[in-house]
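Taking it in order: structure first as structure tokens, then the write-up.
Indexing begins at 1, ligand by ligand and atom by atom, following the structure's order. Below, each value reflects all heavy atoms present in this structure, side chains not excepted, and no hydrogens, waters or symmetry copies.
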Amino acid sequence: MPAAPKTDSTPTLLERRKATLGSHSPLFYDTPLELVSGKGVWLRAANGKRYLDAYNNVPHVGHAHPAVANAVSQQMRKLALNTRYLNDRVVDYAEALLATLHPTLDRVSFGNSGSEANELAIRLARFKSGNTGLLMSDYSYHGTTITLAQATTGLTTSEPRGENVRTIRIPDATGLDDAATAKLLATSLAEVDAMIASLQEAGFGVAAVLFDPLFSTEGLVKVPAGYIDGLVQRVRTAGGLYIADEVQSGFGRVGRLMWGHELFDAVPDIVTMGKPMGNGHPLGATVMGAELLEAFGAENMFFNTFAGNPVSSAAGHAVLKVMADEQLMPRAAANGALLKRELSEVVAGNARIDEVRGDGLFAGMRFTDPETGEADPATAKRVVEAMYRDGVLISRIGRNDEVLKIRPPLAFQASDAEILVTKLGRIIAAL
Ligand SMILES: Cc1ncc(COP(=O)(O)O)c(C=O)c1O
């Protein structure tokens, strides 16, 4: 049947979206952006305009990377089914992935998203510890399941906080001198002690602490040296496990390191991953030691239909290969350092912005009101919208949405950094 000609009453794509996905399904920007294609770090919109993607970590090695697209389509033409048959793709990929992690992290259970990875991690921690208590950052997000919704502190959820959940404020030493940092470290670890005691007194005990090693949702806070190791040591003494959520911080985001948790001495008991893993193909994973998986597997028939299927494994393995072939980690280290240096020049002397935060190819800039020192989300939003109008995609994080979030695909180049810095510099100067 030929399509009906468009009239004034033909619903727009936005109206059709609301009529099917609901009016609360989130969209970026005051005027939502309709995208039709991407290549590398550049996106093409329906109106023909090009945008520099300085936000998305899902297209990790670049939008529409031919190596990943070919790996997926070739495997899709060959074999795509569940994982209860022997197939070399998933084993090849598991070996390659585990080779990037500490030797004690030698088993992987694949999944389809970060939420699934974290849900399984919590299940494993409950199994191993015999406890149910969770220690979470007081401004964080780790996924969509009921367990995770009850532990979500950084987004609106209708679920009340789980009775088994205690929250801790992740200390931010940005701008503090040594004495103030030492004081902050002591009070923050005392809070950890108090929350662990509270979980124990309530009879939950401690199953795990779960956090993102870069503290992205929190606004890329700078934790005092010794905090993470002190936190993990306390959790372990209480019988709990350390779960590192690498959904945002993993896969070379830090540039000089493959994993965000490598910023600290403590080696996690469980590592979870998602977003960048499949370059857009839905893929997640929960990594742990052999002893834990063997014990859990002996008592639980655990099976996840799509997890680690040959197509997903082909996507994930292709991402690792492209990262190596194109030297994306050293490039992220170099371009991240360049970006930070140039952004620091842009904000130098600006009373609204303290300093450039973040690590590797992940930068943040926190806006405050110069008069009151209070968080200034309105200005951060104005900057994000102005960058959008100027053809560069960034976003916001932080407990008040007052921190710019600059987290491009790893394929970002020095020339892209120059474009971003020039435009951002102009916009900030005009504030
Ligand atoms: C740190 C972190 N963990 C977990 C998740 C959940 O991942 P997914 O949306 O793939 O379920 C997110 C998503 O934004 C995240 O940022």
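Contact annotation: the side chain of Leu361 approaches that of Phe412 to within less than 4.5 Å [non-hydrogen atoms, C-beta and beyond].
In terms of modelled atom types and a separation under 3.5 Å, the side chain of Glu246 and the main chain of Gly260 share a donor-acceptor contact. Judged by distance alone, the side chain of Asn70 and the main-chain N or O of Pro66 form a donor-acceptor pair under 3.5 Å.
When each of Val287, Leu124, Leu120 is paired with Ser109, the side chain to side chain contact (heavy atoms under 4.5 Å, CB included) condition holds for Leu120 and for no other.
Stacking of Arg236 on the aromatic ring of Tyr242 is not recorded, the 6.0 Å distance cut-off and the 45° axial limit not both being met.
Annotation: ligand 1 has protein neighbours Ser113, Gly114, Ser115, Asn118, Tyr141, His142, Gly143, Asp245, Val247, Gln248, Lys275, each with a heavy atom less than 4.0 angstrom from the ligand.
Ring geometry for Tyr93 versus Phe110: interplanar angle under 30°, hence parallel rather than tilted (30 to 60°).
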